[in-house]
Q: 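Below is the structure I would like to discuss, written out as structure tokens.
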Amino acid sequence: MKLRFKKWTEEEFFQMREEVLKGWPTGKDVDLEEAIKYHKSLPESKSFSKKLIDAKKSGITLAQPRAGVALIDQHIELLNFLDKEGGADLLPSTIDSYTRQNKYENCEKGIEESIKAGRSLLNGFPGVNHGVAGCRKVVEATSLPLQLRHGTPDARLLSEIMIAAGFTSDEGGGISYNVPYAKSVSLEKTLIDWQYVDRLVGWYEEHGVSINREPFGPLTGTLVPPSMSNAVGILEGLMAAEQGVKNLTLGYGQCGNLIQDVAAIRALEEQAEEYFKKFGYNDIQLTTVFHQWMGGFPEDEAKAFGVISNGASAAALAGATKVIVKTPHEAIGVPTKEANAAGIRATKMVLNLLKGQKLSTSPELEKEIEIIKAETKCILDKVYELGNGDWAIGIVKAFEQGVLDVPFAPSIYNAGKMMPARDNVGKVRYLAVGNVPLSKELVDYNMAQLEERAKFEGRPVTFQMTVDDIFAVGKGTLIGRPE
Ligand SMILES: CC[C@H]1O[C@@H](n2cnc3c(N)ncnc32)[C@H](O)[C@@H]1O
């Protein structure tokens, strides 16, 4: 399959599908006709797409945790606990790390050892190994819409199985589940593999079943300038729309300055709408998701609840359709179901207190929206030019040249030349642009904001600011002031 920005024909899709379903024995149980019938038999209350659109219409922010364990019965117990005791509005199934690397043999062993140990020895739910029948048990035994959340460069088989089982949303994308998650998987490969997933969703849509797609907004979750994550989100949105995806949630990871975070969500939604319209995708149902702080967490649980609640309020005031909830065990590892539920309850408390409130506009907010949109436009215009009108080709060339550049990404295909740091009020700025094609006035604007911090701290604008910022929240502040 040659990479190009064009909707796959059915024969192209079904030809690749034969290989995909051979990836593990459970692939042979995927039957699309049966899956369509099953989805149509599900109550509307289990449709991710519908719940998101209803929330957007009523202007509320939904709360969704991350959660996943090795064995089906324990996973069902966990999800129902998060529903009943946590008050979750939407349910996940966070997939384990072996599945994310297509190491299904290791999953098999992990499942056997978890049975012997009587507890989960995998850090998530091994959906491929459980197969359609196993995943369907989860769908049948829970009462909220279900989404697979993972970090899988090649999620073709995983998506086939879990969507056929009745999951109605799938997170990820050819950039956002490659660059922050893999070391040496090429962009061409993951863009094609995620075109497959989007084409599968397009096939469900063409047969009357709406499946939500959610690119992974936060990327490395470490000082990613909003315009860089918004550019990636819009690109993955365009890639999905071209393959027939209709229900799309674009995401953003909290950076910490409230005005910038609200501006980022507002800019993301407005600019994505602009690009969908400009390129002829007029029937996209667009929603947004705000990820609570994705960086280092305090170990102290009371402080962790402070971080969680702060993220919940930013999501509500931004008007995001959904907020992804963190837990007070974030600094330790996979949370207990009690800690996970507590994170949701704290979040829901804040969402309820702020119901109907949105951050009203202000000169500072308008300025930040304008800056983020202008930076994002510089990046997207260059991607389009590099691809000579083909977004997919443009993405590959943009990473080769550092036009798209995600800070602190493990991928060898990421230039890593751009460096961010916070300004004096904690907004994330471009300290060194690398080859990110910002206009001169935007480069100057970023530098002027950083100069203000430098003056305040009595030090020059320096990479040390970036380092200090990375450790700051774990130490209890947002901006890494010199000690
Ligand atoms: C994107 C990374 C996030 O996913 C979270 N995460 C990963 N696996 C699980 C898991 N199995 N249960 C709950 N949270 C999880 C992790 O804590 C981190 O906040």
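Atoms within a ligand are numbered from 1 in the order they appear, just like the ligands themselves.
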Q: Start with the C-alpha gap between Glu214 and Arg149, add the side-chain angles, then the distance that decides, and say whether salt bridge (Lys or Arg N to Asp or Glu O under 4.0 Å) holds.
A: CA-CA 9 Å; Glu214 178 189 331; Arg149 301 187 71 87; 3.3 Å; yes

Q: Identify the protein heavy atom lying closest to atom 16 (C) of ligand 1, giving its residue, its atom name and the separation to 0.1 Å.
A: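 Answer for atom 16 (C) of ligand 1: Glu330 OE1, 3.8 Å.
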
Q: Applying a 4.0 Å heavy-atom criterion (strictly less than), which segment of Pro335 is in contact with ligand 1: side chain, backbone, both, or neither?
A: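 Within the 4.0 Å criterion, Pro335 contacts ligand 1 through side-chain atoms alone.
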
Q: N/O to N/O below 3.5 Å, does that happen between Asn123 and ligand 1?
A: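 Between Asn123 and ligand 1, an N or O pair is found under 3.5 Å apart.
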
Q: Hey, does Asn340 come in under 3.5 Å of ligand 1, counting only N/O atoms on both sides?
A: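 No, since none of the N or O atoms of Asn340 sits under 3.5 Å from an N or O of ligand 1.
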
Q: Could you check atom 5 (C) of ligand 1 against the protein and tell me its nearest heavy-atom contact, residue, atom and distance included?
A: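 The closest heavy atom on the protein side is Arg66 CD, 3.6 Å.
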
Q: Strictly under 6.0 Å, is that where the ring centroids of Phe216 and His291 end up?
A: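 Yes, close enough.
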
Q: Any N or O of Gly68 that comes nearer than 3.5 Å to an N or O of ligand 1?
A: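 Between Gly68 and ligand 1 (N or O atoms, distance only) the closest approach is under 3.5 Å.
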
Q: If we ignore angles and hydrogens, is there a donor and acceptor under 3.5 Å between the side chains of Glu105 and Tyr98?
A: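 There is no such pair (donor and acceptor under 3.5 Å, judged by atom type) between the side chains of Glu105 and Tyr98.
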
Q: For atom CD of Glu299, is the number of surrounding heavy atoms from other residues, nucleotides or ligands below 6.0 Å larger than 12?
A: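 Not more than 12 within 6.0 Å, no.
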
Q: Starting from atom 12 (N) of ligand 1, what is the nearest protein heavy atom, named by residue and atom, and what distance separates them?
A: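 Ranking protein heavy atoms by distance from atom 12 (N) of ligand 1, first comes Ala67 CA, 3.5 Å.
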
Q: Report the nearest protein non-hydrogen atom to atom 2 (C) of ligand 1: residue, atom name, distance rounded to 0.1 Å.
A: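 Going atom by atom, the protein heavy atom closest to atom 2 (C) of ligand 1 ends up being Met294 CE, 4.2 Å.
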
Q: Around atom 9 (C) of ligand 1, find the nearest protein heavy atom and jot down its residue, atom name and distance.
A: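 Nearest protein contact, heavy atoms only, for atom 9 (C) of ligand 1 is Thr94 CG2, 3.7 Å.
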
Q: Could you check whether atom NZ of Lys358 has more than 12 heavy atoms from other residues, nucleotides or ligands sitting under 6.0 Å from it?
A: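 Counting other residues, nucleotides and ligands, NZ of Lys358 exceeds 12 neighbours.
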
Q: Without hydrogens or angle criteria, can the side chains of Ser210 and Glu205 be said to hold a donor-acceptor pair below 3.5 Å?
A: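 There is such a pair (donor and acceptor under 3.5 Å, judged by atom type) between the side chains of Ser210 and Glu205.
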
Q: Go through the side-chain N and O atoms of Tyr196 and Glu160 and say whether any donor and acceptor fall under 3.5 Å apart.
A: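 There is such a pair (donor and acceptor under 3.5 Å, judged by atom type) between the side chains of Tyr196 and Glu160.
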
Q: Between Lys326 and ligand 1, does any nitrogen or oxygen pair lie at a separation below 3.5 Å?
A: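 Such a contact does occur with ligand 1.
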
